[in-house]
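Reminder, nothing fancy here: chain letters follow the sequence lines and each chain counts from 1. Because the structure is a prediction, the values reported are computed rather than measured.
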Number of protein chains: 2
Amino acid sequence: MDRPLNIDELLCFSVYSVNHAIARLYRPLLTPLGLTYPQYLVLVALWDRDKRRVNDLGADLQLDTNTLTPLLKRMEAADLLTRQRNPQDERSLIVALTDKGRSLQEKAAELTACVLEAMGGDVAELADLRDRLQTLRDRLEGEERSRGG
Amino acid sequence: MDRPLNIDELLCFSVYSVNHAIARLYRPLLTPLGLTYPQYLVLVALWDRDKRRVNDLGADLQLDTNTLTPLLKRMEAADLLTRQRNPQDERSLIVALTDKGRSLQEKAAELTACVLEAMGGDVAELADLRDRLQTLRDRLEGEERSRGG
DNA sequence: AGCGATTATATCGTGTGCGATGTATATGGG
DNA sequence: CCCATATACATCGCACACGATATAATCGCT
């Protein structure tokens, strides 16, 4: 079977369109909290580990400073976090949650439950899907590095 | 287990980060062809079914005209497709491939092979992953419609 | 035929992503 | 101590996405 693939047959498109579908699911839930979807992901990373350098956050989220700097500035302006130079190394910037940023974690818990329900509620299957995707991601990142990325 | 989830435990983040990883994989392969990743997806859709209205393309790609119109204009400027009003209904715009747009399909075949290899090459497993993601997407879209999306 | 509602596309503003480049700080070899 | 190099972050430009809104064409009801 060597015919050209239909768009619905491409794994890359499934990932692309599920990503947008999930963002569309989150958006109306996040807007009342004054958050965008990427901003929410930044908060999730900080709730797990606070007071981190921009690069370390970027390693978690797979984002470079050209994306993170303006994003973090907007979040600073919204009083969700602070950005302060590290006195030990003036090059690096420490990102830390404010009380407001921390306080949103409780509301996010309800949000997670809501999203889980929209996804079908079968937690075991969703966890399996997540693990397969992470395996794929790790493989792609290895590939990238081996080609000098 | 009711503790807050780590970012790597969120399915939404797996999808988000795999999507970017795939885009990063495609980008260096598409740039020599003068294409961006979303533009490539538009071409895949048109290779399957040419001469379509913007809305119909949008239904395939899950994109609205606010995204598609400028994207298609750029592709028209790159001589990949034409945009012409439908004489039967002057509201609608017919998007059709040019020879150049059609000719890229051959080169894209090599590209698909290359991507498949980077993903690990186990076609059956990748197809299974794709099907699970499509099931999830359909569930999310149904959810969206049932809430008046 | 007339006109409000619907449909199809376009425009605008904001917020990501990212390649390319710039700037400031630290580090290490001589 | 000096300077090349590396590191950490910032800036710029372009291309998506998308909510909100606008515009033009068609439809449907009377």
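Note on A/R102 versus A/D50: salt bridge recorded, some NZ/NE/NH1/NH2 to OD/OE distance being below 4.0 Å. Checked for salt-bridge contact, A/E76 and A/R83 meet the test: a charged N lies under 4.0 Å from a carboxylate O. Ion pair B/D128/A/R132 flagged as a salt bridge, since at least one NZ, NE, NH1 or NH2 atom sits closer than 4.0 Å to an Asp/Glu carboxylate oxygen.
A/Y37 has no side-chain polar atom (N or O) that falls below the 4.0 Å cut-off from OP1 or OP2 of D/dC18. The phosphate of D/dA10 has OP1 or OP2 within less than 4.0 Å of a side-chain N or O from A/T69.
For the pair B/R27 (side chain) and B/T36 (backbone), a donor-acceptor distance under 3.5 Å is absent. A/K100 contributes a side-chain N or O that, together with a main-chain N or O of A/A78, makes up a donor-acceptor pair within less than 3.5 Å. Between the B/Q134 side chain and the A/D8 main chain, a donor and an acceptor come within less than 3.5 Å of each other.
Of the residues in residues 46-60 of chain B, those with a non-hydrogen atom less than 4.0 angstrom from any atom of DNA chain C are B/R53, B/V54, B/N55. Contacts between residues 70-86 of chain A and DNA chain C, defined by a heavy-atom separation under 4.0 Å, are made by A/L71, A/R74.
Along DNA chain C, the nucleotide nearest to A/R91 and the one nearest to A/P38 differ in position, and the one closer to the 5' end is contacted by A/P38. Closest-nucleotide positions on DNA chain C for B/R27 and A/D89 were compared, and the one nearer the 5' end corresponds to B/R27.
Between B/F13 and A/L61, the closest side-chain pair of non-hydrogen atoms falls below 4.5 Å. In this structure, the side chains of A/V95 and A/R52 stay at 4.5 Å or more apart for every pair of heavy atoms. Side-chain contact between A/L97 and A/L80 is absent, with no heavy-atom pair separated by less than 4.5 Å.
Rounded to a whole Å, the CD atom of A/E90 is 12 Å from the P atom of C/dT27. If you measure from atom CD of B/Q88 to atom C1' of C/dT7, you get 17 Å, rounded to the nearest angstrom. Here the P atom of nucleotide D/dA24 and the CG atom of B/L93 are 16 Å apart, to the nearest Å. Distance CG (B/N66) to P (C/dT14): 15 Å, rounded to an integer number of Å. Distance, B/L63 CG to D/dC16 C1': 9 Å, rounded to whole Å. For the pair A/Y16 OH and D/dC16 C1', the computed distance is 8 Å after rounding to whole Å. Between A/L43 atom CG and C/dT16 atom P the separation is 11 Å, expressed in whole Å. Rounded to a whole Å, the CG atom of B/L61 is 10 Å from the P atom of D/dA17.
Within 3.5 Å, a donor on the side chain of B/T65 pairs with an acceptor on the base of C/dA10, or the reverse.
Within 4.0 Å of B/T36, counting heavy atoms only, lie sugar-phosphate atoms of the nucleic acid but no base atom. Heavy atoms of B/S92 sit under 4.0 angstrom from primed sugar atoms or phosphate atoms, though from no base atom. Note on B/D64: nothing from the nucleic acid sits closer than 4.0 angstrom, heavy atoms only.
In this structure, a donor-acceptor pair under 3.5 Å is absent between the side chains of B/S92 and B/R53.
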